[in-house]
Amino acid sequence: MEKYDHKKIEEKWQKEWAKDDLYRASDSQDKPKYYILDMFPYPSGAGLHVGHPKGYIATDVFARMKMMQGYNVLHPMGWDAFGLPAENYAIKNKIHPREATEKNIETYKRQLEMLGFSYDWSREINTTDPEFYKWTQWIFIKMFEKGLAYESYEPINWCPSCKTGLANEDLEGGKCERCGSEIEQKPMRQWVLKITDYADRLLNDLEKLPEWEESIKEMQKNWIGRSEGAEVDFQIDGEKVTVFTTRPDTLFGATFFVLAPEHPLVKKVTTDEQKKEVEKYIKNAAKKTEMERTELAKEKTGVFTGAYAVNPVNNEKIPVWIADYVMMGYGTGAIMAVPAHDERDWEFAKKYDIKIKKVVVETDDSKSQKSKVKSQNCNSKIKNDEAFCGEGSNINSSFLDGLKTNDAKEKMIAWLEKKDLGKRAVHYKLKDWVFSRQRYWGEPIPLIHCEKCGIVPAPEDELPLKLPEVEHYEPTGTGESPLANIDEWVNTTCPKCGGSAKRETNTMPQWAGSSWYYLRYIDPHNNKALVDKDKERYWSPVDFYVGGAEHATRHLIYARFWHKFLYDIGAVSYEEPFTRLQHVGLILAEDGRKMSKRWGNVINPDEIVEKYGADAMRVYEMFMGPFSQAVSWSTNGLVGTRKFLEKVIRIKSKVKIQKSKLQLKNQNLERLLHKTIKKVSSDIEEFKLNTAVSAMMILVNEMEKEEEIDENVYENLLKILSPFAPHLAEEIWFSFAKASEDKSKYQESIFKQKWPEYDHELARDEKIELVLQVNGKLRDTIEVDAETEEAEAKKLSLESEKIKKWVEGKKIVKIIFVRGKLVNIVIK
RNA sequence: GCCGUGGUGGCGGAACUGGUAGACGCGCUGGACUUAAAAUCCAGUUGUGGCGACACAGUGAGGGUUCGAUUCCCUCCCACGGCACCA
């Protein structure tokens with residue numbers, strides 16, 4: 001047997017492919033295009049572990065098949081290189097974040113190249129490259145000009161002892177990870193993007209994405225969280241306070257009123273006796289994160305303000321409380337509480353002994369609405385000690401009495417609108433996007449504050465507005481960006497009036513670059529426009545986008561939002577950026593935990609490639625389990641795919657080179673080959689890469705049993721294997737140039753060959769095992785022609801000796817026949 | 001807590017649209033080859049009972065629908081991803 005020197009083979013072909021520019025995507029537009037994209041990585045200091053490339057391997061398999069199927073494939077890679085870790089590393093080690101980032105990129109790139117990916121490296125991008133972020137800044141300015149960016153005071157996590165803002169990740173149970181002090185929510189001047197303006201389109205257009213996984217669409221729907229209802233105006237001490245409710249039909253059941261602790265009216269309406277307690281409560285609430293506040297399981301807390309609100313439907317006075325389960329960011333920051341029909345209100349009322357008034361009763365219909373109610377996680381049946389959140393019909397509700405929930409809602413809204421006490425309204429859970437960070441290592445926000453002219457965007461021809469070179473990246477102590485300390489940077493002139501002005505010192509979040517980077521690959525060196533229109537029309541949209549499920553909501557919603565905006569200003573020609581979306585499941589460590597330095601269970605791909613080869617690792621990662629599921633790594637399992645590749649080499653010696661057209665063909669093997677081509681092609685298309693590999697294993701096992709293998713069969717095996725094990729397939733392919741009659745085809749890369757097509761007739765089963773059941777239990781199987789019809793199948797099954805034994809003396813109730821599958825005899 | 005995903009042999013997993021549960025791989029057991037080992041090949045490998053043919057049980061737990069359920073429905077348990085400043 002030939003020795004499998006993976007190292008030699010892999011290095012050789014990686015060089016050859018690069019030399020021949022085999023994977024360069026052509027802009028000539030003479031072939032159908034296919035744009036397949038990986039979510040680009042953040043190059044961290046730790047380098048890749050074996051889990052990272054799983055998605056990249058899969059897209060590479062897909063891209064190579066598409067290439068062989070005649071597509072002009074765009075399969076690029078780049079770096080999402082701004083971000084907090086580089087900045088923290090820089091502060092700690094006194095290295096410029098750019099240097100650290102460049103070093104990390106070098107490592108990542110080396111590690112990716114050793115796996116033999118078909119990336120078009122001529123299109124490599126980097127979000128920290130000024131030529132790239134020039135356009136990130138350009139998009140921001142366009143949004144600012146369209147009124148989609150606004151300033152607002154938004155809270156950050158503030159550590160009073162470190163005097164710095166902290167990411168949510170740097171908190172441990174509400175305390176600073178470093179020094180352990182209590183974290184405060186400190187309002188900072190921030191830039192916010194009005195993503196809510198796009199809420200309806202982001203939601204509705206999900207329907208235009210049939211090739212997205214349902215689960216991800218579902219998550220986005222819930223993230224946007226559209227709910228229909230009404231805004232209702234209450235009066236507190238003569239002040240109008242609007243609440244939003246999805247259940248205007250329960251207005252008569254409102255027995256108290258709750259304001260968020262941050263609500264501006266709180267201070268105004270609180271009575272002197274309650275002042276102390278209210279203030280204490282507000283201070284405490286400021287310490288809690290949103291998640292802590294909304295936890296349904298947590299005991300509700302609140303304080304009475306001493307004030308009363310007037311319910312507009314019946315002029316009843318109901319007590320006004322403040323409670324942290326009401327959020328300023330959702331709805332209006334105020335709610336009418338209907339304890340009889342809302343679980344949280346119920347709990348609150350029980351705890352503080354507030355009146356509960358039932359206004360909806362269960363009807364026969366409400367039982368059938370279980371599933372709808374379930375999504376609200378509420379009780380659909382009336383139990384003695386719980387709120388009833390289902391639909392039913394109204395009681396104790398004056399003009400709504402006897403109406404079903406939906407009708408009651410409508411009637412109430414009409415009534416409110418007529419009396420000018422409220423209106424129909426839609427609210428979203430989606431919040432505007434806090435778009436600024438008080439950090440150094442991000443894109444500077446290209447705005448200038450002028451006392452005379454207000455806020456003025458930097459002129460387009462001055463972009464990119466580059467990050468200044470500085471010595472220190474330490475936090476300022478005020479919570480502002482380190483840029484605020486650089487006078488030469490901050491002080492500038494106003495582009496409008498020429499007077500002295502100050503630059504914006506906030507930078508953009510890491511999400512900025514990743515919200516549009518896929519467009520840059522199309523035209524990576526353009527410095528005149530975001531993207532050339534003609535190229536964009538050809539390459540867009542991304543046909544297939546693959547990446548981690550953790551991006552299901554934020555990254556993918558942000559990118560869709562930016563894309564729609566770019567569409568609106570005419571910069572791109574399609575409304576949705578990604579046609580097909582697939583998420584990759586994690587590779588866990590052998591112990592079943594996440595791979596992490598902390599657990600010491602990280603497996604480095606360098607070692608695996610060194611020992612077993614890139615091809616064995618590629619095949620293994622595709623074989624180890626369903627693509628979108630988390631699977632534990634097993635180096636033992638990897639041995640199996642390595643053996644499989646060795647077997648492919650071993651059976652090469654059995655290949656009979658075709659000397660003439662007339663020859664005896666091995667029918668069974670040929671049939672299996674066509675079945676395998678069919679399965680592997682459709683499995684790759686559907687991203688069922690694990691079963692594609694096992695289908696090839698079955699074929700190779702059969703080939704091994706034969707004395708001789710037709711050249712044609714082996715050649716096709718190589719072709720379907722080549723996307724998975726490109727180096728090995730290419731090596732064997734070229735080795736045939738010496739022996740074969742048809743030398744020419746073996747002198748050109750296997751990736752320039754045509755992807756094999758299967759013969760329908762040969763891929764079809766002639767004979768099948770017909771399953772014979774009695775009362776649904778398997779009792780016998782018989783081999784029959786695949787086309788066997790019902791009457792014949794029934795006759796055959798009743799002739800079976802084994803079946804006779806079971807049926808004897810029993811009454812046959814009926815016989816079920818499933819074509820090509822089974823006969824089930826039901827007896828009594 | 002909320003949203004999403006998943007739970008099948010000793011292990012990773014397979015099973016079309018409700019139709020033979022355990023493909024393929026790992027591991028393990030026995031055998032062939034070898035002075036020996038490695039590699040390779042052959043046979044076996046869900047559990048229980050049986051020499052065997054075979055029978056019964058079996059896809060996180062419990063219930064339901066069906067001629068038939070890993071697959072559909074209900075209740076529950078467990079693990080993982082996300083929850084807006086980690087990317």
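Proteins come first, then strands; the chains are lettered A, B, ... in the order of their sequence lines, and each starts at number 1. Since this is a predicted model, take the numbers as computed values, not measurements.
Between the C1' atoms of B/G18 and B/U59, the separation comes to 15 Å (whole Å). For B/A69 and B/A84, the P atoms lie 44 Å apart once the distance is rounded to whole Å. For B/C72 and B/U17, the C1' atoms lie 12 Å apart once the distance is rounded to whole Å. Across the C1' atoms, B/G68 and B/G82 are found 39 Å apart, a figure rounded to whole Å.
Donor-acceptor pairing under 3.5 Å is recorded for the side chains of A/Thr136 and A/Trp516. Between the side chains of A/Asn701 and A/Lys647, at least one donor-acceptor pair of N or O atoms lies under 3.5 Å. Using a 3.5 Å distance cut-off with no hydrogens or angles, the side chains of A/Arg642 and A/His6 do pair a donor with an acceptor. Counted by atom type alone, A/Arg560 and A/Gln220 present one or more donor-acceptor pairs between their side chains at under 3.5 Å. Counting only N and O atoms by type, the side chains of A/Tyr133 and A/Asn126 include no donor and acceptor under 3.5 Å apart. For the 3.5 Å distance criterion, the side chains of A/Ser436 and A/Gln190 qualify, holding a donor opposite an acceptor.
With hydrogens and angles disregarded, no donor-acceptor distance shorter than 3.5 Å links the side chain of A/Thr196 to the backbone of A/Ala199.
With sequence neighbours excluded, the residues satisfying side chain to side chain donor-acceptor pair (under 3.5 Å) with A/Asp765 are A/Lys675.
A/Ser634 comes within 4.0 angstrom of nothing in the nucleic acid, heavy atoms only. Using a 4.0 Å heavy-atom cutoff across all strands shown, A/Trp511 reaches at least one base atom of the nucleic acid. Backbone-only engagement by A/Asn222 is indicated by non-hydrogen atom pairs under 4.0 Å involving sugar-phosphate atoms exclusively. A/Glu550 comes within 4.0 angstrom of a base, heavy atoms only. Using a 4.0 Å heavy-atom distance criterion, A/Ile156 is classed as a base contact. Across all strands shown, A/Leu430 has heavy atoms under 4.0 Å from base atoms, whether or not it also approaches the sugar-phosphate. Nucleic acid contact for A/Gln220: none, since no nucleic acid atom lies under 4.0 Å from a heavy atom of the residue. Residue A/Ile816 is in base contact, counting any heavy-atom pair closer than 4.0 Å across all strands shown.
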Check nucleotides 8-15 of chain B against the protein and report each pair of N or O atoms closer than 3.5 Å, with its distance, or say if there are none.
{"from": "B/G12", "atom 1": "O2'", "to": "A/Met624", "atom 2": "O", "distance (Å)": "2.6"}
{"from": "B/A14", "atom 1": "OP1", "to": "A/Asn690", "atom 2": "ND2", "distance (Å)": "2.7"}

Protein and nucleotides 39-41 of chain B: nitrogen or oxygen contacts under 3.5 angstrom:
{"from": "B/U40", "atom 1": "O3'", "to": "A/Arg650", "atom 2": "NH1", "distance (Å)": "3.4"}
{"from": "B/C41", "atom 1": "OP1", "to": "A/Glu704", "atom 2": "OE1", "distance (Å)": "3.4"}
{"from": "B/C41", "atom 1": "OP1", "to": "A/Glu704", "atom 2": "OE2", "distance (Å)": "3.0"}

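Taking only side-chain atoms of A/Val826, from C-beta outward, the nucleotide of B/C85, B/C67, B/G81 with the closest atom is B/C67.
Residue order along RNA chain B, read from the 5' end via each residue's closest nucleotide, puts A/Thr781 first among A/Ile698 and A/Thr781. Looking at which nucleotide of RNA chain B each of A/Glu214 and A/Asn701 is closest to, the 5′-most match is held by A/Glu214.
Ring-plane geometry between A/His551 and A/His555 is classed as perpendicular, the angle between the planes exceeding 60 degrees on a 0 to 90 degree scale with a lower cut at 30. Under the 30°/60° scheme for interplanar angles, the aromatic rings of A/Phe435 and A/Trp562 are found to be tilted. Using cut-offs of 30° and 60° for the angle between ring planes, the A/Trp441 and A/Phe82 rings count as perpendicular.
With rounding to whole Å, A/Asn775 atom CG is found 12 Å from B/U66 atom C1'. Across the protein-nucleic acid pair, A/Glu443 atom CD and B/C85 atom P stand 15 Å apart, rounded to whole Å. If you measure from atom CG of A/Leu586 to atom P of B/U5, you get 16 Å, rounded to the nearest angstrom. If you measure from atom CZ of A/Phe627 to atom P of B/G6, you get 15 Å, rounded to the nearest angstrom. B/G82 atom C1' lies 10 Å from atom NZ of A/Lys594, rounded to whole Å. The nearest whole Å value for the distance from the CD1 atom in A/Ile195 to the C1' atom in B/A84 is 10 Å. With rounding to whole Å, A/Met328 atom CE is found 18 Å from B/A84 atom C1'. Rounded to an integer number of Å, the gap from A/Asp591 CG to B/A79 P is 16 Å.
For A/Lys810, the NZ atom sits in a loose shell: 12 or fewer heavy atoms of surrounding residues, nucleotides or ligands are nearer than 6.0 Å. Atom OH of A/Tyr89 has 12 or fewer heavy atoms from other residues, nucleotides or ligands within 6.0 Å. Remark: A/Lys611 NZ is loosely packed, at most 12 non-hydrogen atoms of other residues, nucleotides or ligands lying under 6.0 Å away.
Contact between the side-chain N/O atoms of A/Lys814 and the OP1/OP2 oxygens of B/C67 is found at a separation under 4.0 Å.
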Nucleotide-level pairing of RNA chain B, given in dot-bracket where Watson-Crick and G-U pairs need both distances under 3.5 Å and | marks other strands: (((((((..(((......[....)))((((((.......))))))((((....))))..(((((..]....))))))))))))....

Ignoring hydrogens and angles, write down the donor-acceptor pairs under 3.5 Å from the side chains of residues 617-628 of chain A, residues two or more places apart or on other chains.
{"from": "A/Arg618", "atom 1": "NE", "to": "A/Phe724", "atom 2": "O", "distance (Å)": "3.0"}
{"from": "A/Arg618", "atom 1": "NH1", "to": "A/Asp60", "atom 2": "OD2", "distance (Å)": "3.0"}
{"from": "A/Arg618", "atom 1": "NH1", "to": "A/Leu115", "atom 2": "O", "distance (Å)": "3.0"}
{"from": "A/Arg618", "atom 1": "NH1", "to": "A/Gly116", "atom 2": "O", "distance (Å)": "3.3"}
{"from": "A/Arg618", "atom 1": "NH2", "to": "A/Asp60", "atom 2": "OD2", "distance (Å)": "2.7"}
{"from": "A/Arg618", "atom 1": "NH2", "to": "A/Pro723", "atom 2": "O", "distance (Å)": "2.8"}
{"from": "A/Tyr620", "atom 1": "OH", "to": "A/Ser634", "atom 2": "N", "distance (Å)": "3.1"}
{"from": "A/Tyr620", "atom 1": "OH", "to": "A/Ser634", "atom 2": "O", "distance (Å)": "3.3"}
{"from": "A/Glu621", "atom 1": "OE1", "to": "A/Lys54", "atom 2": "N", "distance (Å)": "3.4"}

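Residue A/Lys705 places no side-chain atom within donor-acceptor reach of the base of B/C42, judged by atom type and a 3.5 Å distance cut-off alone. Taking only distance into account, the side chain of A/Gln438 meets the base of B/C85 through a donor-acceptor pair shorter than 3.5 Å.
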Heavy-atom protein contacts under 4.0 Å, nucleotides 46-59 of chain B, coded B base, S sugar-phosphate only, - none: --------SSSS--

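For B/G9, the base is syn relative to its sugar; the glycosidic angle is within 90° of 0.
The side chain to side chain contact (heavy atoms under 4.5 Å, CB included) test with A/Ser797 is passed by exactly one of A/Val823, A/Val774, A/Asn824: A/Val823.
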